[in-house]
Amino acid sequence: MAQPQYTNIVVQPIIETIQMALLGTTLGTLVAVPFAFLAARNLVKSPLVRGGIRFFLNLVRTLPDLLLAALFVAIVGIGPTAGVWTLAVFSFGMISKLFYETVETIDSGPIEALQAAGANRVQIIAFAVVPQVVNNFVSYFLYTFEINVRASTVLGYLGAGGIGVFLQRSLSSFRYDQTAVIIIAILLVVVVIDGLSNILREKLL
């Protein structure tokens, strides 16, 4: 059986994993929002600008998260910082696509009304676009956060911080009692976060 004190040792890496996922998702979302607006067909009429942005977003999404983790570990070293940047890039690629597809489905009436009134691009986005998509944006943020909590566990195998580092160590040393504690802890965290996220998304949509 796992030593009782090991259960307490696992708590801090679990918290670190959640913090990594939350910070990475937040950073990726903040960068994704302006790119989503630039990629939306109903906001940017220039095919050249829109096509260039979409090509870049497609390029980012083709990068596997494990490759990103290995790259950031090489750049910033072993630790949670590499995990945060990996999840930020992954979140950026995923959320930007979801966001601009949502923007393209909004009602064009408020946009046309503000354009007729002489509103500039920033005012149109703030008063005609954002109110229509904010709930969807929050829902996609929560969904990506769920994915990142699970992904951060795997990233730990490459030294990107979080509970995955402890999982890798326990398996390498054949301490399956410790492995069982880690897996149970991960399962509980994922179930709780998924449950809370589902409740919030149902209220938003």
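What's counted below: heavy atoms across the whole structure, side chains too, no hydrogens, waters or symmetry copies.
S152 has its side chain within reach of L87: a pair of non-hydrogen atoms, C-beta onward, lies under 4.5 Å apart. Using a 4.5 Å cut-off on side-chain heavy atoms (C-beta onward), T26 and F145 make no contact. With a 4.5 Å cut-off on side-chain heavy atoms, W85 and L71 do not count as touching. Side-chain contact between R150 and D194 is present, with heavy atoms from C-beta onward closer than 4.5 Å. Contact of the V129 side chain with the L43 side chain is registered, since non-hydrogen atoms from C-beta on lie closer than 4.5 Å. Counting only heavy atoms from C-beta outward, the side chains of L57 and F92 approach each other to under 4.5 Å.
With sequence neighbours excluded, no residue forms a salt bridge (charged side-chain N to carboxylate O under 4.0 Å, His left out) with R121. Scanning for salt bridge (charged side-chain N to carboxylate O under 4.0 Å, His left out) contacts around R50 gives an empty result, with sequence neighbours left out.
Rounded to the nearest 0.5 Å, atoms CZ (F141) and CD1 (I95) are 7.0 Å apart. Taking OG1 from T179 and CZ from F174, the interatomic distance works out to 10.5 Å, rounded to the nearest 0.5 Å. Atom CZ of R61 and atom CZ of F56 lie 11.0 Å apart (nearest 0.5 Å). The distance from atom CG of D107 to atom CG of N42, rounded to the nearest 0.5 Å, is 10.5 Å. The distance from the CG atom of N58 to the NZ atom of K97 is 6.5 Å, given to the nearest 0.5 Å.
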Side chains of residues 13-21: which donor-acceptor partners sit under 3.5 Å, not counting sequence neighbours?
from	atom 1	to	atom 2	distance (Å)
E16	OE1	G162	N	2.7
T17	OG1	P13	O	2.9
T17	OG1	I163	N	2.7

> Given I111 and I106, is the side-chain contact (heavy atoms from CB on, under 4.5 Å) satisfied, shown in steps?
Replying inline: CA-CA 9 Å; I111 296 177; I106 64 175; 3.7 Å; yes
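When all heavy atoms of A82 and T86 are compared, the closest pair comes out as O-OG1, 2.8 Å. Closest of all the heavy-atom pairs between A40 and V103 is CB-CG1, 3.6 Å. Minimum heavy-atom separation, S91 to T25: OG-CA, 3.6 Å. Scanning all heavy atoms of the two residues, the minimum distance from V44 to L38 falls at CG2-O, 3.2 Å. Listed here is the closest heavy atom pair of P131 and A126: CD-O, 3.4 Å. S96 approaches A36 most closely through the heavy-atom pair O-CB, 3.8 Å.
With I193 as the fixed residue, the side-chain contact (heavy atoms from CB on, under 4.5 Å) test singles out one of L142, V149, N148: V149. Screening V189, V190, I183 for a side-chain contact (heavy atoms from CB on, under 4.5 Å) with I186, the sole residue that qualifies is V190. Checked options L23, V31, T29; the residue passing with L27 is L23 (criterion: side-chain contact (heavy atoms from CB on, under 4.5 Å)).
L68 and L59 are members of different hydrophobic clusters when ILVMFWY side chains are connected at heavy-atom separations under 4.5 Å. V181 and L171 end up in the same hydrophobic cluster when Ile, Leu, Val, Met, Phe, Trp and Tyr side chains are linked at under 4.5 Å. Cluster annotation: F127 is connected to V130 through the hydrophobic network of ILVMFWY side chains, with a link wherever side-chain heavy atoms come within less than 4.5 Å. Grouping the Ile, Leu, Val, Met, Phe, Trp and Tyr side chains by contacts below 4.5 angstrom, directly or via other members, places L167 apart from L188.
A donor-acceptor contact shorter than 3.5 Å links the side chain of Q123 to the backbone of N120.
A 6.0 Å sphere centred on CG of L48 holds no more than 12 heavy atoms belonging to other residues, nucleotides or ligands. Counting heavy atoms of neighbouring residues, nucleotides and ligands inside a 6.0 Å radius, atom CD1 of I78 does not exceed 12 of them.
Aromatic rings from F37 and F99 are positioned such that their centres are separated by 6.0 Å or more. Side-chain rings of F35 and Y100 stay apart, their centers remaining 6.0 Å or farther from each other.
Salt-bridge annotation for E101 and R54: absent, with no side-chain N of the basic residue lying under 4.0 Å from a carboxylate O of the acidic one.
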